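Data first, discussion second: the structure below is written as structure tokens.
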Amino acid sequence: MSHKLDEYPPDIMDARFPLTSLEKELLESGALDRATLRKIQAMAMERGVFVEEEILDSGLVEEEPVLKIVSQKYNVPYVLLDTIEPNPDVVTRLEQDFCEKNTVFPIRIEGSYIHIAMSDPKNIALRDRIRDLCGFSAKSYLASKGAIKKKIFEYRSHFRKKIIETLLKSVGKDQGVHLTRELGIEIEDLRKLPEQTEVIRLVNLLILQALQFHASDIHLMPAEDALHVRFRVDGVLQELVTPISYEKADQVVNRIKILCDLDITEHRMPQDGHFNIKLEGQEIDFRVVTSPTIFGEKVVMRVLDRSATILDMRHLGFAPEMVLKFRRHLSRPHGIIAMTGPTGSGKTTTLYSALKILNSKEKNITTVENPIEYKMGDITQIQVNPDIGLTFAHCLRSILRQDPDIILIGEIRDLETSEIAIRASLTGHLVFATLHTNDASGAITRLLDMGVEPYLLASTLRCVLSQRLVRLVCKQCMTEYVADETVLNDMGLSIDDIAKYGDEPIKLAYGKGCDRCFNTGFYGRSAIGELLETEDDIRSLIINHAHTVRIEETAIKHGMIPLYKDGIRKVLAKETTFEEVASQTDVL
């Protein structure tokens, strides 16, 4: 049904944002309603971008109708990137850095043409640059910036794989020193330690393989016969490479200790350190912890690869409606915004995505973390060091005397830290903080159990976002199947939910397993979340120190989508499996 412009009364947003021809066409065609347009106008004003750009990037409007109208306007064909899986060999014809800077993405090659998705398909100079780089004339297609960025992020492992394959070829007997220096690691004088050249190459090989598999952690686990190597890929430990012989185990561990400037003579006490490498201009940090076991020293290396993380809330996996609600709280001048979830659930990524929205020259933003996982310009970042008394509480007391606008607390774990956070919010500061609880309502009872005064918490807490990361079905080996009644009942779908599909059978998906996903059926991860907003009813429950269950029931009554239901949303969209959601949440 089409909508006529004269049906809508004028308001203040019209005065601030006069309707463009695109907006008029979208309203007339019914692809966009007036209420959604107002939300998008506010978001565009907040980000400082054109409304037309925000229409495509907001996630609140179906992409195809917008692209269709824009493509007709500019006489350029459009492409829906979410519906295609280009060949990695075609995509990597251009470098990832070039694609990101120019918001382009290769789709396919036909004859002498390379088909390119572009946010600005009329840019002739850019098309000429693409021709010079890859040797093919560029045929441009219109796509949204958000879709292009998301697709580049999905193919990041293929971009890196091409770089790493080139480097792996140089891991030969005569290339150890060259490769080590290419990685940017400071090394000792090899002429004095010629017997360790092979070990250095072996450690370099482990690092490159971990990056090739897109691992978040490297585990070197000593056993009676060998040093077993496991990579954590998409949250699951996997033994993807051959174990290291027992004879070389100690040398490999010592090599890693040397990189971290640790004591190689100490084998009885745990040690921790870090080193970094540079790969094609991208800096990657490795946090290293050693611990003694009965078979030797175990080493765990956390890979902090900032280039493998997308700091944009709209593309982390959350439902667009939830992102919109959360962003409303970001515009508040003061209060506490809490994040909860277990270690490795993506809390820090979400918080920095929020800081990226707020970051500007006009605001003094300070973070207190352990460790600092992302480096962001124009903000002050402090890493705690308990060994010298530099705790979260000590840092916060100092920060409050430095005229901050926004404060991020890496973790609230005691009453002193929570009291300082509340005091900061009461004195006009916006405070972000993380807590280790299983759900959003549990964060409230956790703070109350610490000893926080209920009336203070009720007046300062704005919202709590609880999140998890679920593995995504590999698109290369995805297989659809018709869900039977037992599966639908296990998923907790009501008769009304099933009725929405009419006579059509509900189809779900799983991954058969292929080379791309290491035969796991999963490739990549996405966030699911529940957002608890402190309405008046919730504040009353906080003051009365109500049970977690009552808080959760009231929040759901006010519109909170529980964590498991957000996961089921992804199951029905064939993005993940019910078993994966069940492993990360308390389903029913």
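Remember, it's a predicted structure, so these values are computed and weren't measured experimentally.
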Among all residues two or more places apart in sequence or in another chain, which pass the side-chain contact (heavy atoms from CB on, under 4.5 Å) test with Val300?
His219, Lys298
Please tell me whether Phe318 and Phe326 form a close aromatic pair, meaning their ring centres lie under 6.0 Å apart.
no
Please check if the side chain of Glu419 supplies one atom and the backbone of Ala421 the other of a donor-acceptor pair under 3.5 Å.
no
Thinking salt bridges, do Asp566 and Arg569 make one under a 4.0 Å N-O criterion?
yes
Tell me, with the steps shown, if Ser466 and Thr437 meet side-chain contact (heavy atoms from CB on, under 4.5 Å).
CA-CA 8 Å; Ser466 179; Thr437 61; 5.9 Å; no
Do Glu369 side-chain atoms and Gln381 backbone N/O form a donor-acceptor pair below 3.5 Å?
no
Please name the pair of heavy atoms, one in Ala424 and one in Thr427, separated by the smallest distance, quoted to 0.1 Å.
O-OG1, 3.0 Å
Taking the side chain as every heavy atom from C-beta outward, state whether Met301 and Phe275 have any atom pair closer than 4.5 Å.
yes
Please examine the side chains of Ile277 and Leu211, heavy atoms only from C-beta on, and report whether any two atoms are closer than 4.5 Å.
yes
Measuring only between side-chain heavy atoms, which start at C-beta, is Met339 closer than 4.5 Å to Thr350?
yes
Grab the two heavy atoms, one from Leu358 and one from Leu330, that are nearest each other, plus how far apart they are.
CD2-O, 3.4 Å
Flag the pair Arg397 and Glu416 as a salt bridge only when some basic side-chain nitrogen lies within less than 4.0 angstrom of an acidic carboxylate oxygen.
yes
Below 4.5 Å, heavy atoms only, C-beta onward: do Val104 and Ile148 meet side chain to side chain?
no
Please assess Leu469 against Gln584 for the test side-chain contact (heavy atoms from CB on, under 4.5 Å), listing each intermediate value before the final yes or no.
CA-CA 8 Å; Leu469 294 177; Gln584 297 294 327; over 6 Å; no
Here the pair of heavy atoms bringing Ala555 nearest to Ile538 is N-CD1, 3.8 Å
Show your working on side-chain contact (heavy atoms from CB on, under 4.5 Å) between Thr460 and Leu426 and close with a plain yes or no.
CA-CA 7 Å; Thr460 56; Leu426 286 171; 3.5 Å; yes
Start with the C-alpha distance between Gln271 and Asp263, add both sets of side-chain angles, then the distance that settles side-chain contact (heavy atoms from CB on, under 4.5 Å), and finish with yes or no.
CA-CA 8 Å; Gln271 297 186 71; Asp263 186 356; 3.6 Å; yes
Does Glu580 pair with Lys570 as a salt bridge, N-O distance under 4.0 Å?
no
Measuring from Gln96:CD to Phe105:CZ, what's the distance to the nearest 0.5 Å?
10.0 Å
Taking CG in Asp261 as the centre, count heavy atoms belonging to other residues, nucleotides or ligands within less than 6.0 Å. Is the count above 12?
no
Spell out, as yes or no, whether a donor-acceptor pair under 3.5 Å connects the side chain of His228 to the backbone of Glu239.
no
Looking at Lys347 and Pro342, would you say the former's side chain and the latter's main chain have a donor-acceptor pair under 3.5 Å?
yes
Minimum side-chain heavy-atom gap Leu206-Ile218 below 4.5 Å
no
State which residues pass ring-ring contact (aromatic ring centres under 6.0 Å, His included) with Phe518; sequence neighbours excluded, sorted by chain then number.
Phe213
Is a side-chain donor or acceptor of Arg462 paired with a backbone partner of His334 at a separation under 3.5 angstrom?
yes
Shortest non-hydrogen separation from Lys325 to Leu531 and the atoms involved
CB-CD2, 3.7 Å
Any side-chain heavy atom of Leu400 within less than 4.5 Å of one from Leu396?
no
Do Ile207 and Ile284 have side chains that approach each other closer than 4.5 Å (heavy atoms only, starting at C-beta)?
no
Are more than 12 heavy atoms from other residues, nucleotides or ligands located less than 6.0 Å from atom CG of Asn438?
no
Rounded to the nearest 0.5 Å, how far does CD1 of Ile412 lie from CD1 of Ile422?
7.5 Å
Is there a donor-acceptor pair closer than 3.5 Å between any side-chain N or O of Gln467 and the backbone N or O of Gly346?
yes
If we ignore hydrogens and angles and just use 3.5 Å, is the side chain of Thr548 paired with the main-chain N or O of Gly442 as donor and acceptor?
no
Hey, does the side chain of Thr576 reach the backbone of Arg471 with a donor-acceptor pair shorter than 3.5 angstrom?
yes
Compare every heavy atom of Gly410 with every heavy atom of Phe392, then report the nearest pair and how far apart it is.
CE2-N, 3.7 Å
Which distance, rounded to the nearest 0.5 Å, do you find between the CG of Asn254 and the CD1 of Ile264?
5.0 Å
So, Asp234 side chain and Gly524 main chain: donor-acceptor pair closer than 3.5 Å or not?
yes
To the nearest 0.5 Å, what is the distance between CG on Leu408 and OG1 on Thr380?
12.5 Å
Enter the distance from Ile365:CD1 to Ile407:CD1 here, rounded to the nearest 0.5 Å.
11.0 Å
Judged by atom type as modelled, is there a donor-acceptor pair below 3.5 Å linking the side chain of Ser291 to the main-chain atoms of Pro270?
no
Taking every heavy atom of Asp439 against every heavy atom of Glu530, the minimum-distance pair comes out as CB-OE2, 3.2 Å
Answer yes or no: is there a side-chain heavy-atom contact under 4.5 Å between Leu259 and Phe286?
no
Separation between CZ (Arg255) and NZ (Lys248), nearest 0.5 Å, reads 15.5 Å
Is it true that Arg287 and Asp272 make a salt bridge, defined as a side-chain N closer than 4.0 Å to a carboxylate O?
no
